[in-house]
Student: 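Before we start, here is the structure in question, set down as C-alpha cells.
In this text the structure is predicted, and so the values were computed from the model without any measurement. Note that ligands are numbered from 1 as they come in the structure, with each ligand's atoms numbered from 1 the same way.
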Amino acid sequence: MPIDTLLVNPVFLSQNEAERELMSPYIPLGLLYLASFLRDRGFQVEIFDGTFQEGDQDFIAALEKYSPTTVGITALKPNARKVLELANIAKQRGSFVIVGGPDPTYSPEYYLQDPSVDLVVHHEGELTLAEVLQVRQSSERPSYSLADMPGIAYRDQSGELVVNPRRDYLLNLDHLPAPARDMVDTDRYLQVWREHNGYASLSISVSRGCPYGCKWCADAVHGQEFRIRSVESVVAEVKSLRDTYHIDRLRLVDDVDGIDAQWIADWAAVAEQEDAVLPFEALYEVERQDIPMLDIRDSL
Ligand code: B12
Ligand code: SF4
C-alpha cells in the first residue's frame with residue numbers, strides 16, 4: 001500500500017571514503033524528529049537511511065516497496081549532488097519531492113534550479129512538513145494552495161524562485177516526541193561504533209538555536225533564539241537510550257551547548273539522582289570562560 005512519505009538520508013558509507021575512514025556514523029537525527037512528529041499525527045512514514053545501503057538500486061527498491069506520495073530528502077552541502085540524483089529517481093517514479101535541512105535553508109535556489117525538486121522546506125521542519133502533507137492531502141490543486149505557507153521555497157508558475165518567510169520556531173522543545181530511533185537500524189550503528197571505536201555512542205539533541213551569530217556559520221536552521229529542553233525530559237531520554245541500546249556515551253548535536261551553566265549543573269544533579277549518568281561530548285563556544293565544565297565533569 002502506498003505510504004504518505006519516505007524520508008531519505010542520502011549519505012551512503014559505501015560511497016563515501018572519508019566517512020568510511022572515520023567509521024563513526026551518526027543516525028540522521030533531524031529525519032528521526034520529523035518521522036516521529038509525522039507518525040504522531042497519523043501520517044504513514046518510513047525512512048530510507050542510505051548509511052548501510054549499497055547505492056541507488058536500494059533506493060529504487062524502497063520506492064517500489066512503499067510507493068510514497070512524497071519523498072523528503074535531507075541535505076548538507078557535501079551531499080548536494082547526491083540529493084539531486086535521488087530527487088531525480090524519485091521524481092521519475094511519480095513522487096512529489098521535498099528537500100530540507102541545513103543546506104537547502106542556506107541555498108534554496110541551488111535545489112530549486114533542478115526540476116526534480118518540487119519544494120524546499122527551510123529552517124525547522126516539523127510543523128512545516130506536517131502542514132505541507134496535510135494541505136497536499138486535502139486540496140485538489142495542491143501546489144497552488146501552498147503559496148503563502150511560511151517555511152517553504154518553490155518556483156512559481158512563471159518559474160521564478162519564491163522564498164517565503166521562515167516559520168516561527170518551536171518554543172517548547174519538550175512538546176516534541178522523542179526521535180524515531182526505531183525506524184533506522186540503530187543496532188547496526190552501535191555495532192559499527194563498538195567495532196571501530198571501542199564504545200557505542202548515540203546522538204541526542206537537548207537544545208536548538210545559537211545566540212552568537214558568527215559570520216562564518218552557515219545560516220543556522222534553528223536560528224538565534226536559544227531554546228533548551230527541561231532537564232527531566234533529557235534525563236528520561238538518556239535513561240531510555242541506555243536501557244534500550246546499552247550505549248556508553250552520548251553526543252550532543254546542538255548548534256552550541258554550555259549557554260546556560262545552571263542548566264548543566266541541574267542536569268548533572270538530576271542525572272545522578274536518577275542513575276542516568278553517561279559521558280558525553282558536545283560543542284562549546286570556547287570564549288565562554290564562565291562554564292565550570294571541568295568541575296562538573298569531575299563530579300560525574
Ligand atoms: C551533528 C552534526 C554533524 C555530525 C552528524 C551529522 C549527521 N548526519 O547527523 C557530523 C560530525 C558527522 C557532521 C559532519 C559534517 N557537518 Co555537521 N553538523 C552537525 C550539527 C552540529 C547538528 C546536526 C543535527 O543533528 N541537528 C539536530 C537536528 C534535529 O536538526 P537538523 O538535522 O537540522 O534537522 C531539522 C531541520 O534541518 C529540518 N530538516 C532536516 N532534514 C530535512 C529534510 C526534509 C525533507 C525536511 C522537510 C526538513 C528537514 O527539520 C529537522 C527538524 O527540525 C549541525 C549544526 C546544526 N545545529 O544544524 C552541523 C552542520 C549540519 N554541519 C555542517 C557541516 C558543514 C558538516 C560537514 C560538511 C563538516 C565537514 N567539513 O566535514 C560534515 C558533513 C558530513 C556528511 N557526510 O554529511 C553544517 C552544514 C552546512 C551546510 N550548508 O550544509 C552545519 C549546519 C554546521 C554549521 N552551522 O555550519 N555534522
Ligand atoms: S557559536 Fe557555533 S553555532 Fe553559534 S553562530 Fe558561532 S559557529 Fe554558529
Side-chain angles (χ1 to χ4, degrees), residues 5-13 15-20 22-38 45 47-51 70-80 82-83 86-87 90 96-108 110-111 117-133 151-153 166-167 169-170 173 176 179 184 189 201-224 226 251-259 281-288:
T5 305
L6 183 65
L7 296 173
V8 180
N9 176 23
V11 178
F12 293 81
L13 274 183
Q15 297 176 5
N16 191 322
E17 206 174 314
E19 295 279 344
R20 263 204 321 278
L22 282 174
M23 277 315 229
S24 49
Y26 280 98
I27 55 177
L29 206 63
L31 289 187
L32 303 194
Y33 266 107
L34 294 171
S36 55
F37 193 82
L38 293 179
V45 52
I47 294 181
F48 173 80
D49 180 7
T51 306
T70 302
V71 164
I73 313 175
T74 189
L76 294 188
K77 182 65 80 205
N79 326 121
K82 189 73 202 169
V83 169
L86 298 182
F96 184 83
V97 177
I98 303 178
V99 170
D103 201 43
T105 296
Y106 189 60
S107 27
Y110 173 82
Y111 295 90
V117 177
D118 294 296
L119 197 81
V120 158
V121 166
H122 55 81
H123 294 89
E124 247 170 21
E126 287 90 348
L127 289 169
T128 307
L129 183 57
E131 201 176 313
V132 169
L133 297 186
I152 63 167
R166 73 158 172 81
R167 186 178 290 268
Y169 293 116
L170 292 160
L173 300 181
L176 285 173
V184 292
Y189 278 92
S201 175
L202 274 180
S203 50
I204 181 171
S205 170
V206 307
S207 71
R208 290 184 176 184
C210 173
Y212 293 118
C214 305
K215 286 202 185 83
W216 60 83
C217 186
D219 183 20
V221 165
H222 302 295
Q224 283 189 271
F226 180 72
R251 176 169 186 154
L252 270 54
V253 291
D254 302 318
D255 296 84
V256 65
D257 285 292
I259 297 283
E281 53 180 314
L283 293 170
Y284 282 77
E285 211 284 316
V286 285
E287 283 170 25
R288 291 282 301 265

Student: Test of understanding: given a 4.0 Å heavy-atom threshold, classify the contact between Leu76 and ligand 1 as side chain, backbone, both, or neither.
Tutor: both
Student: Under 4.0 Å, counting heavy atoms only: does Ile27 come that close to any atom of ligand 1?
Tutor: yes
Student: In terms of side-chain heavy atoms, does Asp103 have a donor or acceptor partner in Tyr111 at a distance below 3.5 Å?
Tutor: yes
Student: Under 3.5 Å between some N or O of ligand 1 and some N or O of Leu129?
Tutor: no
Student: Does only the side chain of Asp254 get under 4.0 Å from ligand 1, or the backbone, or both, or neither? Count heavy atoms.
Tutor: backbone
Student: Report, in ascending order of atom number, the atoms of ligand 1 lying under 4.0 Å from any heavy atom of Pro78.
Tutor: 68 (C), 74 (C)
Student: Between Ile73 and ligand 1, find which residue part has any heavy-atom pair under 4.0 Å and reply side chain, backbone, both or neither.
Tutor: backbone
Student: Have a look at ligand 1 and work out which part of Val121, if any, has a heavy atom under 4.0 Å from it: side chain, backbone, both or neither.
Tutor: side chain
Student: List the atom of Glu124, the atom of Leu170, and the distance in Å for their closest heavy-atom pair.
Tutor: OE1-N, 2.9 Å
Student: Using a 4.0 Å heavy-atom cut-off, which part of Ser205 comes near ligand 1: side chain, backbone, both, or neither?
Tutor: neither
Student: Return a yes/no value for Thr74: is any of its N or O atoms, backbone included, closer than 3.5 angstrom to an N or O of ligand 1?
Tutor: yes
Student: Taking both backbone and side-chain atoms of Lys77, is any N or O found less than 3.5 Å from an N or O belonging to ligand 1?
Tutor: yes
Student: Taking 2.8 Å as the upper limit, name the protein N, O or S atoms near atom 6 (Fe) of ligand 2.
Tutor: Cys214 SG
Student: Within a distance under 4.0 Å of any heavy atom of Cys217, pick out the atoms of ligand 1 and give their elements.
Tutor: 89 (N)
Student: Side chain or backbone, does Asn16 bring an N or O within less than 3.5 Å of an N or O on ligand 1?
Tutor: no
Student: Does Arg166 have any side-chain hydrogen bond (donor to acceptor under 3.5 Å, both in side chains) partners at least two apart in sequence or in another chain, and if so, which?
Tutor: Tyr169
Student: Using a 4.0 Å heavy-atom threshold (strictly under), name the region of Glu19 that reaches ligand 1: side chain, backbone, both or neither.
Tutor: side chain
